[in-house]
Visitor: 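A single structure is presented below for examination.
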Amino acid sequence: MCDPVSAGMFALQAGGQVMQHQAQGSAVKGRNRAKLRNFELENEQYKTEVMLNNNEWKNEVQVADIEQDQVYQAMISQWSEQDQQLDKIFAQGDQKVEKAIVEMYENEYAGTQTGRTAGRLAGKGAKKLGQYKSEVLHNMMMAKDEMSLNQERIHQDAASKSRGIYEKIRFSPIHGHTPVAPELEAKPGMGGLILGLA
């Protein structure tokens with residue numbers, strides 16, 4: 001049969017085995033809780049970084065919109081300057097032609113002569129006026145062509161700047177994967193306790 005000392009020793013050993021098993025389970029539980037807390041903190045940090053990156057990108061989009069408007073306004077201002085220069089050239093050309101017409105009529109009188117010489121002398125001013133008018137109109141048309149080329153160059157520069165601004169904000173931030181969940185430890189099995197008790 002069983003003597004009381006052996007039974008007491010068995011009870012002490014069994015109690016020790018049970019306490020050791022419970023301590024191992026508590027240690028595993030604590031380590032798992034720490035891993036889960038760290039995982040939770042990593043997720044919070046990830047969400048914060050995503051929010052900050054998205055807000056920074058949205059701010060860059062707004063700044064890019066302002067820059068796009070500034071590029072467009074600069075282009076319009078340059079076009080207006082080109083138009084003003086062309087208007088000035090056309091106004092000066094019109095004044096030159098008008099002055100030449102006045103001079104032609106002032107110098108047109110052929111005197112008391114009649115016949116071909118008088119007609120030739122009278123037509124000489126009109127001929128000179130036509131040639132001068134042709135020169136002035138040619139210069140005006142060349143200035144208009146030059147202005148069109150300048151405006152096209154200004155437009156291409158503005159379009160290039162606009163594309164550059166767009167390329168800076170074209171893509172929203174790519175955040176990557178969320179933190180990976182930790183691998184948790186399994187609690188010690190009952191098999192170890194039973195073996196210890198046996």
Visitor: For the CD atom of E167 and the CD1 atom of I165, what is their distance to the nearest 0.5 Å?
Guide: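 Going from the CD atom of E167 to the CD1 atom of I165 covers 11.5 Å.
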
Visitor: What is the distance from atom CG of N38 to atom CD of Q45, rounded to the nearest 0.5 Å?
Guide: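 Between atom CG of N38 and atom CD of Q45 there are 11.0 Å.
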
Visitor: State, yes or no, whether a side-chain contact exists between E67 and Q70 at a heavy-atom distance under 4.5 Å.
Guide: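 Of all side-chain heavy-atom pairs linking Q70 with E67, at least one is under 4.5 Å.
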
Visitor: Are any side-chain N or O atoms of N32 and backbone N or O atoms of L184, one a donor and one an acceptor, separated by less than 3.5 Å?
Guide: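 It does not hold such a pair.
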
Visitor: If you take all heavy atoms of P179 and F39, which pair is closest and at what distance?
Guide: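 Minimum heavy-atom contact is O-CE1, 3.3 Å.
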
Visitor: If every non-hydrogen atom of V28 is compared with every non-hydrogen atom of E185, which pair is closest and at what distance?
Guide: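 Between these two residues, the closest heavy atoms are CG1-O, 3.6 Å.
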
Visitor: Do Q85 and K88 come close enough that some side-chain heavy atom pair is under 4.5 Å?
Guide: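 Answer no - side chains too far apart.
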
Visitor: Specify the closest pair of heavy atoms between M140 and L86, including all atoms of both residues, with the distance to one decimal.
Guide: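 Distance-wise, the nearest heavy atoms are O-CD1, 4.3 Å.
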
Visitor: Looking only at heavy atoms, which two atoms of K35 and E183 are closest? And how far apart?
Guide: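 For K35 versus E183, the nearest heavy atoms are NZ-O, 3.2 Å.
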
Visitor: Using side chain to side chain donor-acceptor pair (under 3.5 Å) as the criterion, list what pairs up with E60, not counting sequence neighbours.
Guide: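 So E60 forms no side chain to side chain donor-acceptor pair (under 3.5 Å) with any residue.
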
Visitor: So which heavy atom on V71 is nearest to which on A158, and how close?
Guide: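 Closest approach of V71 to A158, heavy atoms only: CG1-O, 3.5 Å.
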
Visitor: Given 3.5 Å as the limit, does a donor-acceptor pair link the side chain of Q24 with the main chain of K187, or not?
Guide: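 No; judged by distance alone, with no hydrogens or angles, the pair does not exist.
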
Visitor: What residues join I76 in its hydrophobic cluster, counting side-chain heavy atom gaps under 4.5 Å, either direct or through other members?
Guide: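 I76 shares its hydrophobic cluster with Y72, M75, W79, I154.
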
Visitor: Please tell me whether I89 and L137 are part of a single hydrophobic cluster in this structure, the criterion being side-chain heavy atoms less than 4.5 Å apart.
Guide: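 In one cluster: yes.
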
Visitor: Nearest 0.5 Å, please: how far is CH2 in W57 from CD in Q62?
Guide: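 Rounded to the nearest 0.5 Å, the CD-CH2 separation comes out at 10.5 Å.
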
Visitor: Is there a side chain to side chain donor-acceptor pair (under 3.5 Å) between Q131 and E135 once you walk through the steps?
Guide: CA-CA 6 Å; Q131 291 169 342; E135 179 187 341; over 6 Å; no

Visitor: Between S160 (side chain only) and Q156 (backbone N and O only), is there a donor and an acceptor less than 3.5 Å apart?
Guide: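 No; zero donor-acceptor contacts below 3.5 Å.
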
Visitor: Under 4.5 Å between side-chain heavy atoms, counting indirect links through other Ile/Leu/Val/Met/Phe/Trp/Tyr residues: same cluster for F90 and Y132 or not?
Guide: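 Hydrophobic grouping puts F90 with Y132.
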
Visitor: How about H175 and N54: do any of their side-chain heavy atoms sit closer than 4.5 Å?
Guide: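 Yes, close enough: below the 4.5 Å cut-off.
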
Visitor: Strictly by modelled atom types, are Q78 and D157 linked by a side-chain donor-acceptor pair under 3.5 Å?
Guide: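 Per modelled atom types, Q78 and D157 side chains form no pair under 3.5 Å.
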
Visitor: Testing the basics here: between I169 and A64, what is the closest heavy-atom pair and its distance to 0.1 Å?
Guide: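 Scanning both residues, the minimum pair turns out to be CG1-CB, 3.9 Å.
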
Visitor: Please name all residues satisfying side chain to side chain donor-acceptor pair (under 3.5 Å) with R153, sequence neighbours left out, ordered by chain then number.
Guide: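 None.
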
Visitor: Side-chain contact test, heavy atoms from C-beta onward, threshold under 4.5 Å: evaluate it for E40 versus L36 and give yes or no.
Guide: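 No, every pair of side-chain atoms sits at 4.5 Å or beyond.
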
Visitor: Could you go through the side chain to side chain contact (heavy atoms under 4.5 Å, CB included) check for K99 and Q95 one step at a time?
Guide: CA-CA 6 Å; K99 185 178 176 185; Q95 289 172 354; over 6 Å; no

Visitor: To the closest 0.5 Å, what do you measure between CD (Q82) and OG (S77)?
Guide: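 Answer for the CD-OG pair, Q82 versus S77, is 12.0 Å.
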
